[in-house]
Structure formats: structure tokens, C-alpha cells
**Student:** 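Quick one: structure below, then a few questions.
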Amino acid sequence: MSPFRVRFAPSPTGYLHIGGLRTALYNYLFARKHGGTIILRIEDTDQRRFVEDAEKDILASLEWAGLDFDEGPGRDGGHGPYRQSERSDVYKQIAEELVDSGDAYIAFDTEEELTSMRERFATKENPNPRYGSSTRSQMQNALSLSEDDVSSRLESGQPYVIRLKVSPGGSVSFSDLIRGPVTFETVNVDDQVLMKSDGLPTYHLANIVDDHLMEVSHVIRGEEWLPSTPKHILLYEALGWDPPQMAHLPLILSPTGGKLSKRSAERAGIPVSVKEYRSTGYESGALINFLALLGWNPGNERELYAMEDLIEAFSLERVGQSGVQFDLNKLQWVNEHYLRQRSAKSIASDIKPLLAENGIKPDEDYLERVVAVMAERISLPSDLLRARYFFEDPTSYDDKTRKKRWKEESSGLVVSFAGKLDQLDVFEAATIETALRKLAEEQEVGAGRIIHPVRLAVSGIGFGPGLFELLELLGRETTVRRLRTAVSAIG
RNA sequence: GCCGCGUUCGUCUAGGGGUCCAGGACGCCGGCCUCUCACGCCGGUAACACGGGUUCAAAUCCCGUACGCGGUACCA
């Protein structure tokens with residue numbers, strides 16, 4: 001087994017979203033490509049934003065997407081536990097070590113004090129002053145207070161946080177696998193809180209401790225983390241650990257611009273949680289295929305990839321560097337390809353509950369035949385809901401089609417056609433077609449003069465599958481009934 | 001504001017000094033097929049952000065500007 005170890009580390013503050021899935025996917029592809037290991041780690045250190053069923057949703061969504069993990073909750077690989085809430089002791093111990101070594105310090109400032117500090121030091125040039133080398137001496141911490149003061153505050157149980165002590169004047173450089181060399185000046189890095197006053201670590205501490213302890217070799221995460229990477233590098237250095245390789249993925253942007261957030265996505269009509277894609281009826285393979293190509297490309301012109309093909313082709317070097325807009329159109333296109341590879345039977349079984357919700361309970365064989373005939377006309381199984389005429393008589397007739405297709409002689413032709421159908425020995429597409437064409441000939445009109453009004457009569461709309469197979473599918477009784485109803489309704 | 005990262009058709013992208021008056025895909029438009037719609041096939045529209053360098057030669061290298069995005073929390 002290769003020494004490559006990667007992790008996907010979501011925070012259970014909500015359902016797994018599309019950006020999270022893509023991050024998971026890239027980690028997964030990288031791991032599988034190199035025969036490495038992928039870890040799922042739950043970063044549940046924010047008690048305030050914790051969402052009860054989020055972890056369950058994340059697990060279920062990943063499984064649906066076909067991303068299986070080697071290590072994680074319930075799958076011990078000797079590096080657990082894999083929930084940060086179950087690892088508190090470790091962080092506490094490391095934080096204390098950092099305080100002892102002088103790389104971190106205790107601070108007592110309350111949230112109000114922090115806010116007032118920001119107001120106090122804010123200038124036009126610097127509206128957002130950091131808690132760091134330039135301000136910490138004026139705050140309440142172990143660097144500004146006397147030793148006695150600190151210990152008496154500690155003894156009295158005053159809440160405190162532990163902050164990383166960042167010295168100004170230096171710089172932190174690292175080479176990002178996707179972006180190349182990146183440098184930050186330490187003056188611009190603040191004294192990040194490592195341990196919160198609730199005794200839990202912040203992301204920054206927990207993340208690097210776990211990555212180290214879990215022997216993570218490559219950190220593949222969203223670009224929003226790039227600015228905090230210097231803090232992480234500083235932390236690795238303080239602890240005497242080697243930092244892993246870093247790879248910061250381009251962000252998924254909303255078509256309206258900006259990071260694809262819940263709000264912007266909704267505004268753009270894009271589902272944001274993986275759960276929604278699933279319930280809308282997208283194929284997981286299609287979503288994966290689409291997401292893989294959103295920010296990465298294989299360097300050739302192929303567009304359709306099964307998971308194995310993605311694993312085969314994937315490389316971090318071919319991940320782009322700029323943000324990418326989410327394009328629902330393209331997803332839809334990919335999804336259509338996947339949908340058409342499925343049997344009518346399996347699509348039918350998917351759509352059944354959806355129809356039932358809408359009060360439609362068709363015979364299974366019939367439904368399967370409907371799906372077969374409609375397969376090329378839908379991009380999602382739920383599109384079938386818009387073709388209710390398969391299941392119930394039309395109650396209205398599309399105006400535009402009516403104007404265009406229903407001529408003076410239409411009623412007569414439709415009635416005659418209904419009569420012909422009544423007399424047919426065998427009610428099949430071929431015999432129906434023969435009958436119709438014969439009628440057209442007798443009446444000396446083009447076949448279209450009958451076909452279009454008949455379609456409107458039986459379906460209420462002007463488009464759909466081939467008319468003859470449609471009629472066969474509907475059956476003689478339904479067809480004839482609808483024809484006669486339509487004549488009196490449109491007449 | 002400051003820090004960081006970006007910038008090739010509307011979108012996802014190929015390309016990384018000459019093979020590029022820039023290739024593919026989605027979308028859009030037109031055509032073929034055809035009873036309609038869709039599929040499929042064929043064709044079309046459309047881009048190197050701008051300004052300076054470097055070079056015989058720049059989409060490609062360098063600098064600057066503009067713009068976009070991210071970060072600037074005891075959130076992740």
C-alpha cells in the first residue's frame with residue numbers, strides 16, 4: 001500500500017453540499033489512483049453550529065455517490081477515533097505543550113473586549129485590526145499580564161483561550177501542489193485562537209493535530225483555506241512536525257458570481273445539498289462525472305467518465321487554479337447520458353413512488369412501456385410527471401397547438417379515424433398507421449392533417465413520442481374515448 | 001483597507017514561445033432526419049482582460065493596471 005494518506009474532513013454543521021462532495025471526490029480519486037488511503041474525519045468542534053443529523057446525511061450522501069472510505073467513524077484503521085469531539089484530550093495536551101514551549105499563550109479577553117478592541121484600533125487604512133504582535137500587549141493575556149495576575153485569574157476560574165504566538169518579521173512559504181509557491185509575511189498572520197473557552201479546539205489546531213496523528217500525507221481542500229495555511233505551517237513548525245503536501249482546490253462559484261452558498265445557489269435555482277440532487281433524481285454517476293470535470297480536466301476531449309475511468313485519469317497537476325461556475329445545463333446533459341444507459345424497468349421503479357405521491361398508480365408493465373417510449377425525451381425521471389396524459393385523460397388542449405393544427409376538417413377526420421380504430425382487428429402501431437394513412441388517402445389530405453389533431457386530442461399537447469406507438473400504448477378504448485371527447489370539446 | 005489567489009468563447013476547458021487568423025464540450029442558432037417533440041447527425045455563433053516590456057517571434061515569459069474570488073471569528 002502506498003504511503004499516501006488523504007482525508008475528507010467535513011463539519012457536521014449542515015447537510016453535505018455540492019462543494020463538499022467535490023472535495024471528497026478529488027481526495028477519493030487521488031487516494032484510489034495511488035493506491036493510498038482515504039480517511040473520513042468528522043470535525044465537530046463547533047458546538048453552536050452542530051446539526052444533529054448532519055453526520056448521518058454526510059455518510060449517506062457519500063455512500064450514494066459511490067465514495068467509500070478506508071478509515072472513519074465505524075471503520076477503524078488504527079488512527080481513530082475519527083470524530084474530533086472524541087479526541088478532546090489530545091488537543092488539550094498539545095495546546096498545553098505549545099503554551100509551555102512559548103509558542104502559544106493564554107488570553108482572557110471576552111468577546112465584548114475583542115469587539116471593542118477592533119473598534120479601538122480600527123483605522124480607515126486598517127478597518128479590521130488583528131489580534132497579534134501589534135495589539136496583544138494591550139489585551140488581557142499572559143504576555144501582557146503579570147504572572148500572579150494570570151494565575152489568580154486561572155484559579156478563580158476565569159474563562160480563557162489559548163492563542164498561537166506569531167512573531168512578526170518573518171515569512172512562511174510553502175509549495176502548493178496546485179498553485180505552486182505561496183508566501184505570507186508573518187506580520188499579516190494573527191494570533192489565532194487554538195483552544196476556545198469551551199475547552200474545544202478550533203479547526204486550526206484540531207486539523208493539524210489530527211492530520212499529523214493520522215499520518216495524512218496530502219491535504220486536498222478548498223481554496224478558502226489557503227489564507228490560513230501559514231498558521232498551520234507555523235503550528236507544524238512549533239510542534240516539530242513535517243507538514244503534509246498542500247493542494248488547494250478552486251472554489252465552485254455560483255452562476256451569479258461569488259462562492260456557491262446556500263443562498264446564491266437557491267437564487268440561481270441550483271440545488272445545494274447532495275441530498276437534493278438525489279431526491280431530484282440525478283444519477284450519482286452523472287453528478288460525480290460532472291463534478292470531476294468541474295475544475296479538473298484529463299487533457300483530452302472525452303466528457304463521459306465512470307468512476308474507474310476517473311481514477312485512472314486523475315491527477316492533481318491537471319486541476320485548474322481559478323474558480324469555476326456551476327453549470328446546471330451541463331449536469332443535465334451528463335445526466336441524460338447516464339439516464340439513457342439505464343433500463344426502462346429500473347427507471348420505472350424509481351419513478352413509481354413519485355407518481356404515487358401525485359396520485360398516479362399505473363400498472364407496472366404499462367409504466368415500463370411509458371418509460372421506454374419517453375426515455376429519450378426526459379433528463380430526469382421526474383420529467384415524466386409533466387406527461388400526465390399517459391395516465392389520465394387530458395382536461396385541456398394546448399391553445400397554440402390548437403390554433404396551428406386543428407383545422408376546419410379536423411373534427412370530421414378525427415371522428416372517422418376513431419371509427420376506423422373501432423374496426424381494427426389488431427390494435428398495434430403498424431396497423432394503426434396503416435389505417436391512418438389509408439384514411440388520409442381516402443380523404444385526400446396529408447397524413448399530418450390527421451396525425452396532429454389526433455395527438456392533440458389524446459395528449460392535450462403538441463409534442464411527444466411517435467403517434468402510432470403512443471396510441472398503441474394508450475390502448476384502443478382510451479384512444480377512441482379521448483378522440484371523441486376532444487371533438488366535442490374542441491370541435 | 002490589508003493579505004492571498006486568480007483571469008482563453010455566455011459556461012467548463014485544451015494549449016505553456018513559432019504547428020493558434022486558438023481546439024473540444026455544454027448552451028444558443030441553423031440544417032438534415034421526421035407526424036410533433038426529443039434523440040442522432042451535419043454546420044454556425046462566440047474567447048486569449050488591458051497596458052507596457054523581453055524576443056526574429058508572445059495566448060504562452062516578466063512588470064504594472066483593472067476586474068473577479070477567497071480570507072481578514074473563541075465558524076469551519
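Please read these numbers as outputs of a predicted model, since none were measured by experiment. Proteins get letters first, then strands, A, B, ... in listed order; numbering begins at 1 in each.
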**Student:** For residues A:F314 and A:Y26, establish whether the separation of their ring centroids is below 6.0 Å.
**Tutor:** yes
**Student:** Between P on B:U36 and CZ on A:F463, what's the gap in Å once rounded to a whole number?
**Tutor:**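 Spelled out: CZ on A:F463 to P on B:U36 is 14 Å.
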**Student:** Which of the following nucleotides, B:C26, B:A38, B:G6, is nearest to the side chain of A:E376?
**Tutor:** B:A38
**Student:** Under 3.5 Å for both donor-acceptor distances, Watson-Crick or wobble: does B:G71 have a partner, and if so which one?
**Tutor:** B:C2
**Student:** Show the distances under 3.5 angstrom between N or O atoms of the protein and N or O atoms of nucleotides 67-76 of chain B.
**Tutor:**
unit_1, atom_1, unit_2, atom_2, d
B:G70, OP1, A:K259, N, 2.9
B:G71, OP1, A:K259, NZ, 3.3
B:A73, OP2, A:N128, OD1, 3.3
B:C74, OP2, A:R163, NH2, 3.3
B:C74, O2, A:S197, N, 2.7
B:C74, O2, A:S197, OG, 2.7
B:C74, N3, A:S197, OG, 3.0
B:C74, N4, A:D109, O, 2.7
B:C75, OP2, A:K196, NZ, 3.4
B:C75, O2', A:D46, OD2, 2.5
B:C75, O2', A:R49, NE, 3.1
B:C75, O2', A:R49, NH2, 2.9
B:C75, O2, A:R49, NH2, 3.2
B:A76, OP1, A:T45, OG1, 2.9
B:A76, OP1, A:K196, NZ, 2.9
B:A76, OP2, A:Y203, N, 3.1
B:A76, O4', A:R49, NH2, 3.4

**Student:** Assess the pair A:Y203 and A:W225: is the distance between their ring centroids shorter than 6.0 Å?
**Tutor:**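 Distance test on ring centres: under 6.0 Å, yes.
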**Student:** If only side-chain N and O atoms count, and only distance matters, is there a donor-acceptor pair under 3.5 Å linking A:T401 with A:H452?
**Tutor:** no
**Student:** Taking only heavy atoms on the protein side, list every residue of residues 330-339 of chain A lying under 4.0 Å from any atom of RNA chain B, sorted numerically.
**Tutor:** A:K330, A:W333
**Student:** Quick one: look up who B:C32 pairs with, Watson-Crick or G-U, both distances under 3.5 Å, and put none if it's unpaired.
**Tutor:** B:G40
**Student:** Is the centre of the A:Y236 ring less than 6.0 Å from the centre of the A:F174 ring?
**Tutor:** no
**Student:** Taking B:A25 as the reference, what is the distance to B:C61 when you measure between their P atoms (whole Å, please)?
**Tutor:**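 One P to the other, the span is 26 Å.
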**Student:** Which base, if any, makes a Watson-Crick or G-U wobble pair with B:U54, both distances under 3.5 Å?
**Tutor:**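 Pair assignment: B:U54 / none.
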**Student:** Closest approach of A:A206 and A:Y91, non-hydrogen atoms and distance?
**Tutor:** CA-CE2, 3.6 Å
**Student:** Nearest to the side chain of A:R318, heavy atoms from C-beta on, is which of B:G15, B:C37, B:U11?
**Tutor:** B:G15
**Student:** Closest heavy-atom contact between A:R118 and A:N128?
**Tutor:** CD-OD1, 3.9 Å
**Student:** Taking the same atom, C1', in B:C20 and in B:A14, what whole-Å distance lies between them?
**Tutor:** 12 Å
